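Reading through the structure tokens given below for one structure.
In what follows, chains are A, B, ... by sequence order, proteins preceding strands, each numbered from 1. Fair warning: this is a prediction, and the values are worked out from it, not measured in the lab.
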Number of protein chains: 4
Amino acid sequence: MRRKESRPSELLDAALDLFIERGFNATRLNDVAQRAGVSKGTLYLYFANKEELFKSVIRKGMVPYLQRAEQLIDEYRGSSRDLIKQIIRGWWDSIGATRLGGIPKLVVAESGNFPELAKFYLEEVIHRGQGIFARALQRGIDSGEFRKMDVNYALRIVIAPVVLLLIWKHSLQPYERKALKVERYLETHLEILFDGIRSTEKKQ
Amino acid sequence: MRRKESRPSELLDAALDLFIERGFNATRLNDVAQRAGVSKGTLYLYFANKEELFKSVIRKGMVPYLQRAEQLIDEYRGSSRDLIKQIIRGWWDSIGATRLGGIPKLVVAESGNFPELAKFYLEEVIHRGQGIFARALQRGIDSGEFRKMDVNYALRIVIAPVVLLLIWKHSLQPYERKALKVERYLETHLEILFDGIRSTEKKQ
Amino acid sequence: MRRKESRPSELLDAALDLFIERGFNATRLNDVAQRAGVSKGTLYLYFANKEELFKSVIRKGMVPYLQRAEQLIDEYRGSSRDLIKQIIRGWWDSIGATRLGGIPKLVVAESGNFPELAKFYLEEVIHRGQGIFARALQRGIDSGEFRKMDVNYALRIVIAPVVLLLIWKHSLQPYERKALKVERYLETHLEILFDGIRSTEKKQ
Amino acid sequence: MRRKESRPSELLDAALDLFIERGFNATRLNDVAQRAGVSKGTLYLYFANKEELFKSVIRKGMVPYLQRAEQLIDEYRGSSRDLIKQIIRGWWDSIGATRLGGIPKLVVAESGNFPELAKFYLEEVIHRGQGIFARALQRGIDSGEFRKMDVNYALRIVIAPVVLLLIWKHSLQPYERKALKVERYLETHLEILFDGIRSTEKKQ
DNA sequence: TATGAATGAGGATTCATTCAT
DNA sequence: TATGAATGAATCCTCATTCAT
């Protein structure tokens with residue numbers, strides 16, 4: 001079969017599965033090739049080496065969502081509270097609940113071995129994601145919905161439980177007896193959060 | 001000739017350093033041995049294989065702190081708010097700011113490859129740590145300091161920012177331009193948290 | 001679309017360049033194809049495999065000169081000394097100073113891996129070349145110009161410095177600080193040679 | 001078996017055999033190890049990689065002879081003609097007729113792939129060897145035995161037939177029907193040579 | 001004829017583990 | 001106990017060759 005265009009995507013798909021399932025080191029290129037239904041050599045037609053394949057997997061996985069989130073925030077008309085809720089829920093639905101949710105853990109695990117990847121991820125994903133939350137928080141402060149705060153630190157507190165949930169799900173959760181109820185987890189987080197950052201100025 | 005009793009401890013120390021610095025796979029037993037000042041063969045007198053060494057490193061690292069935290073909570077007499085603050089600050093000071101802080105990231109990264117380790121860590125460290133926060137939160141609810149809530153989920157929200165901070169510090173932080181101010185980060189977290197979970201019943 | 005007749009020649013040209021530049025093993029068929037402006041597959045339309053291509057390159061390179069040298073000796077009317085001079089100078093000008101000069105080194109280097117090529121080269125090039133010098137020397141002996149000698153050995157002494165010069169030029173010379181003056185080298189060789197083989201019978 | 005000291009030498013011996021027999025590329029490290037009676041991994045205890053092994057083989061092979069030749073020339077008391085004869089005959093006996101005789105061809109064949117080796121060989125072997133002949137020739141000129149000549153070029157003519165003989169023996173000779181009589185070859189060379197360079201000044 | 005995507009055998013290299021000393 | 005030389009399984013990567021189009 002000969003299909004140059006669709007190949008890379010198929011290879012990345014197979015690679016994503018295996019990298020998430022086994023990590024970088026334990027993933028055999030042979031297995032990636034087999035899962036994609038091609039031979040080992042074919043991988044090398046599209047990716048210079050294992051490392052480049054890995055980086056491509058990460059790149060392809062995260063960027064699309066960020067674009068959608070940035071668009072949402074540009075167009076949103078409701079309360080900032082609802083905006084943040086929606087971003088987080090959307091995040092979970094399109095990343096967290098899918099295979100892509102394994103990427104953050106993967107990046108964390110391999111950051112030491114791939115400085116270049118770490119930098120790329122930091123700038124193209126983390127900083128960009130932080131920017132989204134910074135804007136959402138600032139929007140709420142400006143509107144009087146949220147109290148004044150150091151946005152750069154507050155945003156980390158907003159994000160942390162969700163990121164850790166992702167990491168958890170792809171590391172220790174599988175060994176846990178009872179499943180975590182994601183819905184309730186996020187709800188608890190958002191409740192505490194919005195109570196914790198609501199504006200107190202005009203409240204009685 | 002060194003005392004044989006201290007030998008395993010020296011090996012674990014050297015191994016901890018390297019596992020944290022390079023991860024499990026990239027750590028060469030040769031280097032561990034060298035750093036401990038012994039030969040490669042000697043490692044095998046004390047640990048059956050690399051995997052056992054790794055598990056021992058993790059075991060030794062985390063348990064002592066938990067004991068202290070459990071003791072603190074038994075004896076504490078002040079407000080629950082202060083108790084939680086103290087646990088978190090103590091956690092940071094005795095774990096987060098030391099080499100041991102690298103362990104959570106390490107466990108997360110290798111959990112897929114070491115199911116047994118994952119289970120051990122889950123039960124001996126995570127569950128035990130969660131228990132500490134569960135008790136502290138319940139204490140506050142019982143005393144009317146905190147509002148009623150699902151303690152099992154709330155405790156995760158309490159812990160998440162601190163754990164993620166640890167993971168961050170040992171993964172992507174090193175590639176970040178400007179350092180994160182831990183003090184302010186924790187402060188922001190605690191402020192939002194205590195505002196978010198304070199009891200509203202009797203407040204004016 | 002190019003004329004099909006010239007295609008093989010273009011391929012051989014490209015191959016010669018690369019074989020001489022990099023040797024047999026280090027020459028990538030991909031590069032040969034690219035340099036000839038065709039695709040890799042096309043090579044296989046004209047040559048069964050890399051080895052056949054290699055042999056064709058060698059064949060094509062050396063044979064034409066030999067024909068000219070044989071013709072020269074048939075027709076020559078001057079002294080044998082001048083004849084030999086002319087053969088050697090012609091050899092250098094039409095082979096040594098061109099890309100073809102790299103062939104002897106190539107054959108020497110790969111002879112162990114290509115017995116068939118070695119045999120071909122031995123018979124079609126070496127023996128034929130030796131025949132030329134044998135005739136030239138015998139001609140001089142017969143005419144009383146040169147002293148009697150074992151022509152089969154003497155011819156090797158005549159040839160050796162020139163062949164080694166070729167090999168040298170394509171192996172270690174490139175790493176040498178100062179260039180060798182070919183003109184003077186050949187001159188020195190011929191001077192010693194003709195003094196060494198001149199007839200002494202009727203002198204003074 | 002454990003014998004750190006003698007190991008490298010055994011490995012180099014095995015490697016020399018195979019490199020000469022098959023060339024660099026076609027030599028399998030596996031075979032080298034087997035011939036030396038060790039495992040593949042053991043090779044890497046003593047040589048960083050195949051290239052280093054190759055260079056070590058060359059280094060070890062040639063240097064010892066040069067030292068002996070230099071010593072000979074320092075101490076020699078007879079005629080320059082006999083000195084040169086003795087050097088060449090010694091060269092053949094201790095290098096040419098042994099396994100070591102394959103090294104020049106090897107170096108020539110691989111020079112393009114190993115610039116570093118080429119430079120090393122050029123300086124440590126070729127230049128040093130040329131120096132020996134330069135001194136011997138100059139000695140003869142000074143004593144009036146040889147006529148005046150450009151020593152730097154003449155020495156190459158002296159050496160060429162011997163070097164080419166070595167290369168020949170290890171490349172195309174094996175495919176030749178009848179063996180070359182080395183003795184007569186060298187004799188022929190020396191005869192022509194000494195006749196060609198003898199002093200004519202006072203000779204009657 | 002011509003293409004170039006796909007193949008897969010083959011080999012260098014690494015390193016956890018063993019074991020004779 | 002301690003050593004460190006020796007092992008060899010395991011895997012990434014290359015590239016000549018094939019063949020569907």
Side-chain angles (χ1 to χ4, degrees), chain A residues 1-7 25-34 36-53, chain B residues 1-4 7 24-34 36-54, chain C residues 1-4 7 24-34 36-54, chain D residues 1-7 25-34 36-53:
Chain A
M1 223 164 306
R2 328 186 74 215
R3 35 182 169 171
K4 176 146 191 172
E5 268 110 71
S6 57
R7 267 285 181 271
N25 256 291
T27 294
R28 304 288 151 239
L29 288 189
N30 213 351
D31 297 344
V32 172
Q34 270 194 318
V38 302
S39 76
K40 230 181 336 172
T42 301
L43 276 176
Y44 286 86
L45 292 178
Y46 298 94
F47 305 96
N49 51 40
K50 193 179 181 184
E51 194 166 331
E52 282 306 320
L53 173 63
Chain B
M1 209 74 56
R2 308 238 178 78
R3 289 166 319 221
K4 47 186 166 180
R7 194 36 72 70
F24 180 79
N25 254 293
T27 294
R28 307 286 156 240
L29 289 190
N30 210 355
D31 296 342
V32 172
Q34 269 193 319
V38 302
S39 77
K40 228 186 332 176
T42 302
L43 275 175
Y44 284 84
L45 295 177
Y46 296 95
F47 304 96
N49 52 37
K50 193 181 182 183
E51 194 166 332
E52 284 306 320
L53 172 64
F54 183 65
Chain C
M1 211 72 58
R2 307 235 179 81
R3 289 165 319 221
K4 46 187 165 179
R7 195 36 73 69
F24 180 80
N25 254 292
T27 293
R28 307 286 156 242
L29 289 190
N30 212 355
D31 297 343
V32 172
Q34 269 193 320
V38 303
S39 77
K40 226 186 333 176
T42 301
L43 275 176
Y44 284 84
L45 295 176
Y46 296 95
F47 304 96
N49 52 39
K50 193 182 182 183
E51 194 166 333
E52 284 305 321
L53 173 63
F54 183 65
Chain D
M1 226 165 304
R2 327 186 72 215
R3 35 181 170 172
K4 178 145 192 174
E5 268 112 70
S6 57
R7 266 284 180 271
N25 256 291
T27 293
R28 306 289 152 238
L29 289 189
N30 212 351
D31 297 343
V32 173
Q34 269 193 320
V38 302
S39 77
K40 231 179 337 171
T42 301
L43 275 176
Y44 285 86
L45 292 179
Y46 298 94
F47 304 97
N49 51 39
K50 193 180 180 182
E51 195 165 332
E52 284 305 321
L53 173 63

Gap separating the OG atom of A:S39 from the CG atom of A:L29, nearest 0.5 angstrom: 11.5 Å
Value rounded to 0.5 Å, distance of NZ in A:K50 from CG in A:N25: 5.5 Å
Could you check which of [options] has an atom nearest any side-chain atom of [X]?
{"X": "C:L45", "options": "F:dA2, E:dT3, F:dC13", "value": "E:dT3"}
{"X": "D:Y44", "options": "F:dT7, E:dA12, E:dA6", "value": "E:dA12"}
{"X": "B:Y46", "options": "F:dA5, F:dG8, F:dA2", "value": "F:dA2"}
{"X": "B:T42", "options": "F:dC15, E:dT7, F:dT3", "value": "F:dT3"}

Nucleotide [N], atom [atom2] - distance to [atom1] of [X] in whole Å:
{"X": "A:Q34", "N": "E:dA6", "atom1": "CD", "atom2": "C1'", "result": "15 Å"}
{"X": "D:N25", "N": "E:dG10", "atom1": "CG", "atom2": "P", "result": "16 Å"}
{"X": "B:F47", "N": "F:dT1", "atom1": "CZ", "atom2": "P", "result": "13 Å"}
{"X": "B:D31", "N": "E:dC15", "atom1": "CG", "atom2": "P", "result": "9 Å"}
{"X": "A:L29", "N": "E:dT7", "atom1": "CG", "atom2": "P", "result": "15 Å"}

Pairwise 5' ranking along DNA chain F for A:N30 and B:L43, keeping only the more 5' one: B:L43
5′-ward residue of the pair A:G41/B:G41 relative to DNA chain F: B:G41
Touch class at under 4.0 angstrom, heavy-atom based, for D:N49 against every strand present: sugar-phosphate
D:L45 and D:R7, any side-chain heavy atoms less than 4.5 Å apart: no
Check: E:dT13 base within 3.5 Å donor-acceptor of D:K40 side chain: yes
Any donor-acceptor N/O pair under 3.5 Å between E:dT13 base and D:K50 side chain: no
Presence of A:R28 side-chain N/O under 4.0 Å of F:dC12 phosphate oxygens OP1/OP2: yes
5' priority, DNA chain E, between C:S39 and B:T27 [closest heavy atom]: C:S39
Any strand: nucleotide that pairs with F:dA16 via Watson-Crick or wobble, under 3.5 Å: E:dT7
